[in-house]
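Heads up: numbering here begins at 1 and tracks the sequence.
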Amino acid sequence: MKTSKGMLISICIVMFFVSCAGAPKIPFKTMVEEADSRVGESVILGGYILEAKSKGDRTEIAFLQTPLDWRTKPQSRDKSEGRFIVLYNGEFNPYEYDKEDRYTVTGTIAGITKENVEHCPSPCLQIESGLLRVWRAHEYYPPPSGGP
């Protein structure tokens, strides 16, 4: 239990510093169009998993992108601006999650796919990541309190 709390706190700290870094928010379509010149830039994206495939020591996950709200929670599917691929370094079992779960991905731009992937036709933005935050579809996330 301590490990999951520690991991959650670490993710929150990373997200806080990335969001406060003053970096301009780049529209998703611009990220795709300028991916080759933005390789290595840090990004936070959100969306829904379309497909996940294990490839050796990492997992390739196709996402339906959706904009993030102020809490970095992905919005509804109908606000999608495209799709992207996450090259996830770590253990990931997509069968542990509900189809309606939303994900926030923290990582760096790795470029554009050179191959046509079933759920992400070329060109498709690739993100290198080790951090995925799941927003369960059937859990209540209370709004932050305004005081004590």
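Using a 30° and 60° split on the angle between ring planes, Phe84 and Phe63 fall in the parallel class, below 30°.
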Would Leu87 and Ile127 satisfy side-chain contact (heavy atoms from CB on, under 4.5 Å), going step by step from the backbone distance to the final call? CA-CA 6 Å; Leu87 305 172; Ile127 306 296; over 6 Å; no

Trace of the side-chain contact (heavy atoms from CB on, under 4.5 Å) decision for Arg58 with Glu128: CA-CA 10 Å; Arg58 64 173 160 185; Glu128 287 277 349; 2.9 Å; yes

- Item | side-chain contact (heavy atoms from CB on, under 4.5 Å) assessment of Glu34 paired with Ile26 | CA-CA 10 Å; Glu34 300 175 359; Ile26 304 162; 5.6 Å; no

**OP:** Please step through side-chain contact (heavy atoms from CB on, under 4.5 Å) for the pair Val43 and Phe28, ending with a clear verdict.
**Re:** CA-CA 10 Å; Val43 293; Phe28 181 73; over 6 Å; no

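Across all their heavy atoms, Thr66 and Pro74 have their closest contact at OG1-CB, 3.2 Å. Counting all heavy atoms, side chain and backbone alike, Val86 lies closest to Ser129 at CG1-CB, 3.8 Å.
Leu64 is not connected to Val134 by any chain of hydrophobic side-chain contacts under 4.5 Å among Ile, Leu, Val, Met, Phe, Trp and Tyr, and they are in different clusters. Grouping the Ile, Leu, Val, Met, Phe, Trp and Tyr side chains by contacts below 4.5 angstrom, directly or via other members, places Tyr48 apart from Met31.
With Gln65 contributing its side chain and Glu81 its backbone, the two residues share a donor-acceptor pair below 3.5 Å. Using a distance-only test at 3.5 Å, with no hydrogens or angles considered, no donor-acceptor pair links the side chain of Arg102 to the main chain of Gly47.
When the ring-ring contact (aromatic ring centres under 6.0 Å, His included) test is applied to Tyr88, the partners found at least two apart in sequence or on another chain are Phe92. Evaluation of the side chain to side chain donor-acceptor pair (under 3.5 Å) rule for Lys79 yields Gln75 as partners, not counting sequence neighbours. Not a single side chain to side chain donor-acceptor pair (under 3.5 Å) links Arg83 to another residue, sequence neighbours left out.
Residues Ile85 and Glu60 meet the side-chain proximity criterion, which asks for heavy atoms closer than 4.5 Å. Side-chain atoms of Ile49 and Asp101, non-hydrogen and from C-beta on, never get closer than 4.5 Å to each other. Annotation: side chain of Leu45 is in contact with side chain of Leu125 (closest heavy-atom distance under 4.5 Å). Counting heavy atoms from C-beta on, the side chains of Thr72 and Trp135 come closer than 4.5 Å.
Salt-bridge formation is detected for the pair Glu100/Arg77: a Lys NZ or Arg NE/NH1/NH2 atom is positioned less than 4.0 Å from an Asp or Glu carboxylate oxygen.
Remark: of the listed residues Ile61, Thr59, Thr104, Thr106, Ile61 is the sole one forming a side chain to side chain contact (heavy atoms under 4.5 Å, CB included) with Leu132.
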